[in-house]
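When a residue number appears, it is its place in the shown sequence, counting from 1. Since the structure is predicted, the reported quantities are computational estimates derived from the model, not experimental observations. Only this structure's heavy atoms are used, side chains among them; waters, hydrogens and symmetry mates stay out.
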Amino acid sequence: SVAQFPVFDTSYISSTQHWSCCTAVPAMSGSREWEELRQDDDGQPLPEHGPHLPSSSKKSDELLPMHTGHNVVKEFPCCVLWAPIPLISHMIPFIGHTMITDSEGHLYDFAGYAPGSGRSGVVKDVGIFGSAVRVLRCTPAEGTSQASFVEDWDKAIWLGNRQSERKVHKGAIDNCHSHICAVLRATNRAVFPRVPEALGWNILVAGFVMTCLADWVPSPKGMCFRTWFYLWCCFMLAWIVLRQNPMHLII
């Protein structure tokens, strides 16, 4: 049977928000990506048991509780999503916020760990900057069954979340792009159309791919930002040309 990952136990702390904690641990894959991601910030191997399984491990080995909302995007399972950051994305449309979904459309994005908070730096079903305007769809690799693809993808989501849960947001270094790259490096049975495998996944590659190769989401917000995206490019091109030869204004 196909394992389902991740599984969450939920306890409500208010009428509007609650916290969840991952209770299932993916099976060992034996891949190099697995071994790299199964390390903590000090390079020490993580335990092979879940946070609620009987063991003699320390409490620090448990997964941190995750802030959970209600923004499930079932229409975009196994996808990387991109949302504009107010003001910043409107000044530089190539800069935005990336998120990733599991096989059921649950949304995960990196907010950054607050030391001492006891909560994961990754949030679930929130969408920090609102709905996405661009989407990069993932498909099974050639010869991979749908069941194997789903299992591998959800395992990679778990690994990426585990690696990022204690990372502080550092702007251009540890950010939402590095979170989704950790997931994409961990998957072995997924491919992205139009994305060469030789590129690998890092912050720069993720930014380029989401800017140039991702599809636009057919929503009012997506269409609005798509129009501004291309207008901004035209404005910048006109500014460069006129700056070199201001006489064009007179002609």
Side-chain angles (χ1 to χ4, degrees), residues 3-13 17-29 31 33-53 55 57-72 78 80-81 83 97-129 152-187 201-203 206:
Q4 300 293 324
F5 307 109
V7 179
F8 290 86
D9 290 335
T10 304
S11 58
Y12 288 85
I13 61 172
Q17 66 181 28
H18 60 278
W19 310 93
S20 63
C21 191
C22 185
T23 61
V25 179
M28 288 287 289
S29 68
S31 65
E33 289 83 0
W34 170 272
E35 297 301 331
E36 290 178 351
L37 288 173
R38 291 192 70 256
Q39 296 179 356
D40 59 21
D41 294 338
D42 298 323
Q44 300 300 316
L46 298 174
E48 298 181 10
H49 52 76
H52 301 295
L53 299 180
S55 72
S57 66
K58 296 181 297 182
K59 186 176 181 180
S60 60
D61 290 334
E62 298 182 358
L63 293 177
L64 296 177
M66 185 180 293
H67 177 62
T68 304
H70 306 282
N71 186 22
V72 182
C78 303
V80 179
L81 303 174
H97 178 70
T98 54
M99 306 167 282
I100 198 163
T101 58
D102 64 14
S103 61
E104 296 182 348
H106 289 290
L107 184 68
Y108 298 91
D109 49 340
F110 180 71
Y113 174 68
S117 67
R119 300 195 297 265
S120 174
V122 180
V123 295
K124 178 185 178 184
D125 294 337
V126 175
I128 299 174
F129 293 104
D152 177 75
W153 181 264
D154 285 345
K155 181 193 299 180
I157 291 283
W158 189 92
L159 288 170
N161 291 344
R162 180 66 180 89
Q163 185 188 38
S164 301
E165 67 174 1
R166 293 181 183 273
K167 287 188 175 181
V168 178
H169 200 297
K170 298 177 183 176
I173 302 176
D174 290 329
N175 52 32
C176 55
H177 285 62
S178 59
H179 168 235
I180 64 115
C181 285
V183 175
L184 300 179
R185 286 194 298 267
T187 182
W201 287 104
N202 56 48
I203 293 175

Looking at CG of N161 and CG of L64, how far apart are the two atoms once the value is rounded to the nearest 0.5 Å?
-> 11.5 Å

Nearest-0.5 Å distance that lies between atom NE2 in H177 and atom OG1 in T98 = 4.5 Å

Any side-chain heavy-atom pair from M99 and F129 closer than 4.5 angstrom?
-> no

Looking only at heavy atoms, the pair that brings N71 and G127 closest together is ND2-CA, 4.1 Å

Do the ring planes of F110 and H169 sit parallel (below 30°), tilted (30 to 60°) or perpendicular (above 60°)?
-> parallel

How many angstroms lie between CG in N175 and SG in C181, if you round to the nearest 0.5 Å?
-> 8.5 Å

Just by modelled atom types, is the S103 backbone N or O under 3.5 Å from a matching donor or acceptor in the D154 side chain?
-> yes

Roughly how far apart are D102 CG and I157 CD1, rounded to 0.5 Å?
-> 6.0 Å

Counting distance only, does the side-chain N/O of T187 pair as donor-acceptor with the main-chain N or O of L184 below 3.5 Å?
-> no

Rounded to the nearest 0.5 Å, what separation is found between the NE2 atom of H106 and the CG atom of D125?
-> 5.5 Å

Please confirm whether the backbone N or O of I180 pairs with a side-chain atom of W201, one donor and one acceptor, at under 3.5 Å?
-> no

Does some side-chain heavy atom of H179 sit less than 4.5 Å from a side-chain heavy atom of I100?
-> yes

Answer yes or no: is there a side-chain heavy-atom contact under 4.5 Å between D109 and V123?
-> yes

Which of these passes side-chain contact (heavy atoms from CB on, under 4.5 Å) with L107: V72, V126, L81?
-> L81

Distance (rounded to the nearest 0.5 Å) between E104 CD and C78 SG | 10.0 Å

